Amino acid sequence: MKYVIIGGVAGGASAAARLKRINEDAEIVLFEKGEHISYANCGLPYYIGDTIGERKSLFVQTPVSFGNRYDVDVRTLSEVTAIHRDRKCVTVKNLHSGKEYEEKYDILLLSPGAEPIIPPVPGHDLPRIFTLRNVADCDRIKANAVENLKPDAAAVVIGGGFIGLEMAENLQKIGYKVTIVEKAPHVLMPLDTPMAAIVQQHLKDKGVQVVTGNGLVAFEEKDGQMFVHLEDGTQLPAAIVILSIGVRPNSKLAREAGLAVGESGGITVNEYLQTSDESIYAVGDAIEFPHPVTGKPYCNFLAGPANLQARIVAMNMVYPESTPYSGSVTTAIAKVFDLAAASTGLSEVALQKAGIPFQTVIVHPAAHANYYPGGAPLSLKLNFSPEDGKVLGAQAVGKMNVDKQIDAVSLLIKHEGTIYDLIYSEHAYAPPYASAKSPVMFAGMVAENVMAHLMNPIQAAELDQLIKSGEEFQLLDVREIKEYRNGTIQGAENYPVDELREFLEDIPCDKKTVVFCEVGLRGYVASRILMQSGFDQVYNLIGGMRTYRLIGEYNVKPQ
């Protein structure tokens, strides 16, 4: 059996290695348009920023070492330009010589990856504007970044996604003054506004300028200086620009071969990663597959799912329809200076777009036991179904243990778990590593309180809308007097929770009442006191002042 694979890295190279391990007699030819077939794509920004000092560290295998170990015919600088399904062969262009030839296959695997989105604006092809997708891109960026680095040199990153933020940090690390431009309302759109606001504030604290809600219109070079023009008329000087707007599936070859392609542009595959041609399979960034929560096809541009797909597709190419793929819930994490920001499942925006009802809670527990030195707060947002408590998504931001929390929720979402599963889950606990109640357990408990109507949540944005509406209500700050004096929400009266019972007769019980504290816990205690003392409409501000300070409009500064 002859297997031909188009594309290396996480999808193609991993599939080739797995194929050989389960079928030593397989004849495998791997075509790669570039020079490298097995490298750490996600490590490229850190090489640019000198965190990874040795370029050779990026390479898992060279074409020669990979070919020797797995007995694979590796042909780099070889571009497949056409698939002839009727004759079961592909046309290949040798980029060294320019000559073309045909190669036959019994089974074909497509792993062409994705291509960066280049905005069709004036000046997009200026020489100091770059995208980052492979080692060649990385080498060009690093060479130009060093060449153009002068005192006060500015770098502009267009796009505030995971890669854009990693590039911003690493460019600043080597000496650039960095500005991130994001057309959306906030950076990291997989995160909801309250969580993204933590990241944005941290970027600003680190000296990175963040411009949101303002799109790119043009690039211009005059008198040797490049400028980035934005929608509001702003002109940003830039010695170097990184385009990190996003990527799209590289499905051109499949489309031209008449294979089915979905609405999102990805190659359509079934649960066995088989295309509309039974002799052709596809994996990685180029495919679309139903999301486990929505059931709707989408494209997922992550290395983890691509590696898993490669393992699964190899089994199905040798043993047809033996191993189904269940999809990805899009679990991702990024380092942003001192913070980690991670997400899994669906955000509020994605849930609204899919028409899925949801409720949400935000908690700010410690990453490990408060009394153990070296701890740091961790913010966790949980999106869940108000009908049955099914977990739909989660996001976490903090300095430690972020990945642990998100990985736990990710596994739960894949198995259609609920907030009750979070509550009853077990976690390794010792003071240096965790609290007895882990952050995800704590979030599950808060969600259970909402589900059981023990607490009526109100989000920061909902509180702002309530204030703007002019509707009569009372706002109670149940923190200590010192906290209250250091800044509160406009119109709030201070009733510390430990003294609240003494003032119940002074507080009107027939008004809508919103209570809040620093993170939500004391607010919950206060709301329970009020709800059991004849107050009909009591709401607790989710995330408390820690969330409201970042996104609320009526935070009163201390006098």
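Not measured: the values here are computed from a predicted model. Position 1 is the first residue of the sequence, and the numbers go up from there.
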Subject >> K482 backbone acceptor or donor facing E480 side chain under 3.5 Å >> reply: no
**OP:** Would you check if R549 and E518 make a side-chain contact, meaning some heavy-atom pair closer than 4.5 Å?
**Re:** yes
Original post:
Is M167 close to F162 at the side-chain level, that is, under 4.5 Å between some pair of heavy atoms?
Top reply: no
Original post:
Parallel under 30°, tilted from 30 to 60°, perpendicular over 60°: which one fits the rings of H36 and F59?
Top reply: tilted
Subject >> Check: Q172 side chain, K206 main-chain N or O, donor-acceptor pair, under 3.5 Å >> reply: yes
Subject >> Spacing of L380 atom CG and I362 atom CD1 [to the nearest 0.5 Å] >> reply: 9.5 Å
Original post:
Would a distance-only check, ignoring hydrogens and angles, find a side-chain to backbone donor-acceptor pair under 3.5 Å from S435 to S438?
Top reply: no
Original post:
Between atom SG of C42 and atom CD1 of I333, what is the distance when rounded to the nearest 0.5 Å?
Top reply: 12.0 Å
**OP:** Say whether D407 and S410, considering side chains only, have a donor N or O and an acceptor N or O under 3.5 Å apart.
**Re:** no
Original post:
Roughly how far apart are M531 CE and Y524 OH, rounded to 0.5 Å?
Top reply: 8.5 Å
**OP:** Measure the acute angle between the ring planes of Y298 and H291, then classify it against the limits of 30° and 60° as parallel, tilted or perpendicular.
**Re:** tilted
**OP:** Drop me the distance from K142's NZ to L132's CG, to the nearest 0.5 angstrom.
**Re:** 12.0 Å
**OP:** Show the numbers, then the answer: is there a side-chain contact (heavy atoms from CB on, under 4.5 Å) between M441 and I423?
**Re:** CA-CA 5 Å; M441 289 175 67; I423 295 170; 5.8 Å; no
Original post:
Can you tell if the side chain of V60 reaches within under 4.5 Å of the side chain of Y39, non-hydrogen atoms only?
Top reply: no
**OP:** Identify the two heavy atoms, one from D338 and one from H202, that lie closest to each other, and give their separation to 0.1 Å.
**Re:** N-NE2, 3.1 Å
Original post:
In terms of heavy-atom contacts, does NZ of K399 have more than 12 from other residues, nucleotides or ligands at under 6.0 Å?
Top reply: no
**OP:** Return the minimal non-hydrogen interatomic distance between A443 and V363, and the atom names on each side.
**Re:** CB-CG2, 4.0 Å
**OP:** Could you tell me which residues satisfy ring pair (Phe, Tyr, Trp, His ring centres under 6.0 Å) with H364, sequence neighbours excluded, listed by chain and number?
**Re:** none
**OP:** Check whether more than 12 heavy atoms from other residues, nucleotides or ligands sit under 6.0 Å from atom NZ of K437, and answer yes or no.
**Re:** no
**OP:** Check the pair E348, K381 against salt bridge (charged side-chain N to carboxylate O under 4.0 Å, His left out), reporting the backbone distance first and the verdict last.
**Re:** CA-CA 11 Å; E348 289 189 22; K381 187 173 189 292; 2.7 Å; yes
**OP:** Measure the shortest side-chain to side-chain distance between E416 and K390 over non-hydrogen atoms and say whether it is less than 4.5 angstrom.
**Re:** yes
Subject >> Side-chain heavy-atom pair L466, F473 within 4.5 angstrom cut-off >> reply: yes
**OP:** Without swapping roles, check the side chain of E462 against the backbone of Q459 for a donor-acceptor pair under 3.5 Å.
**Re:** yes
Original post:
What distance separates N300 CG from F289 CZ, expressed to the nearest 0.5 Å?
Top reply: 11.5 Å
Subject >> Student check: side-chain heavy atoms of R248 and I117 closer than 4.5 Å >> reply: yes
Original post:
Backbone N or O of A367 within a donor-acceptor pair of the N401 side chain at under 3.5 Å?
Top reply: yes
Subject >> Side chain K204, main chain V199, donor-acceptor under 3.5 Å >> reply: no
Original post:
Any donor-acceptor pair under 3.5 Å linking the side chain of N134 with the backbone of D137?
Top reply: yes
Original post:
Hey, are the side chains of E553 and K468 touching, using non-hydrogen atoms and a 4.5 Å cut-off?
Top reply: yes
Original post:
Regarding T513 and Q474, is there a side-chain donor-to-acceptor distance under 3.5 Å anywhere?
Top reply: yes
Subject >> Closest non-hydrogen atom pair between P116 and V247, with its separation >> reply: CA-CG1, 3.9 Å
**OP:** Assess whether atom OH of Y420 is packed by more than 12 heavy atoms of other residues, nucleotides or ligands within 6.0 Å.
**Re:** yes
Original post:
Does N540 use its side chain to pair, donor to acceptor, with the backbone of N456 at less than 3.5 Å?
Top reply: no
Original post:
Any side-chain heavy atom of I489 within less than 4.5 Å of one from L541?
Top reply: yes
Would you tabulate the side-chain donor-acceptor contacts of residues 302-316 under 3.5 Å, counting partners in other chains and residues two or more places apart, or write 'none'?
from	atom 1	to	atom 2	distance (Å)
N307	OD1	S14	OG	3.1
N307	ND2	A303	O	3.0
Q309	OE1	G284	N	2.6
Q309	NE2	Y325	OH	3.2
N316	OD1	S322	N	3.0
N316	OD1	S322	OG	3.3
N316	OD1	T323	N	2.8
N316	ND2	Y272	O	3.3
N316	ND2	I312	O	3.3
N316	ND2	T323	O	2.7

**OP:** Applying side-chain contact (heavy atoms from CB on, under 4.5 Å), run through I458 and I542 and close with a yes or a no.
**Re:** CA-CA 6 Å; I458 185 169; I542 290 296; over 6 Å; no
Original post:
Do the side chain of T212 and the main chain of H186 share a donor and acceptor less than 3.5 angstrom apart?
Top reply: no
**OP:** Of all the heavy-atom pairs spanning L550 and P194, show the shortest one and how long it is.
**Re:** CD1-O, 4.4 Å
Subject >> Over 12 foreign heavy atoms within 6.0 Å of OH, Y372 >> reply: no
Original post:
Does one side chain, of Q395 or D192, offer a donor that lies under 3.5 Å from an acceptor on the other?
Top reply: yes
Original post:
With no hydrogens and no angle check, do the side chains of N170 and Y47 hold a donor and an acceptor under 3.5 Å apart?
Top reply: no
Subject >> Pair T488, D477: side-chain N/O donor-acceptor within cut-off below 3.5 Å >> reply: yes
**OP:** Look at the side chain of S244 and the backbone N and O of G159, then say whether any donor-acceptor pair between them is shorter than 3.5 Å.
**Re:** no
Original post:
Does R501 CZ have over 12 foreign heavy atoms under 6.0 Å away?
Top reply: no
Subject >> salt bridge (charged side-chain N to carboxylate O under 4.0 Å, His left out) between E288 and K296, worked out >> reply: CA-CA 9 Å; E288 66 174 39; K296 299 177 181 177; over 6 Å; no
Subject >> S425 versus H427, side-chain donor and acceptor atoms under 3.5 Å >> reply: yes
Original post:
Do Q209 and T179 pass the side-chain hydrogen bond (donor to acceptor under 3.5 Å, both in side chains) test, and can you show the C-alpha distance, the side-chain angles, and the key distance before you say yes or no?
Top reply: CA-CA 5 Å; Q209 182 181 357; T179 298; 3.1 Å; yes
Subject >> Distance-only donor-acceptor check, side chains Q201 and D205, under 3.5 Å >> reply: yes
Original post:
Passes salt bridge (charged side-chain N to carboxylate O under 4.0 Å, His left out), R133 versus E115? Steps please.
Top reply: CA-CA 8 Å; R133 285 295 294 171; E115 55 188 5; over 6 Å; no
**OP:** Give a yes or no on whether K177 atom NZ has more than 12 heavy-atom contacts from other residues, nucleotides or ligands under 6.0 Å away.
**Re:** no
**OP:** Could you tell me the separation between the CD1 atom of I413 and the CG atom of D421, rounded to the nearest 0.5 Å?
**Re:** 11.5 Å
**OP:** Give the minimum heavy-atom separation between L44 and V135, together with the two atoms involved.
**Re:** CD1-N, 4.2 Å
Subject >> Atom of P439, atom of Q405 and distance for their closest heavy-atom approach >> reply: CD-OE1, 3.5 Å
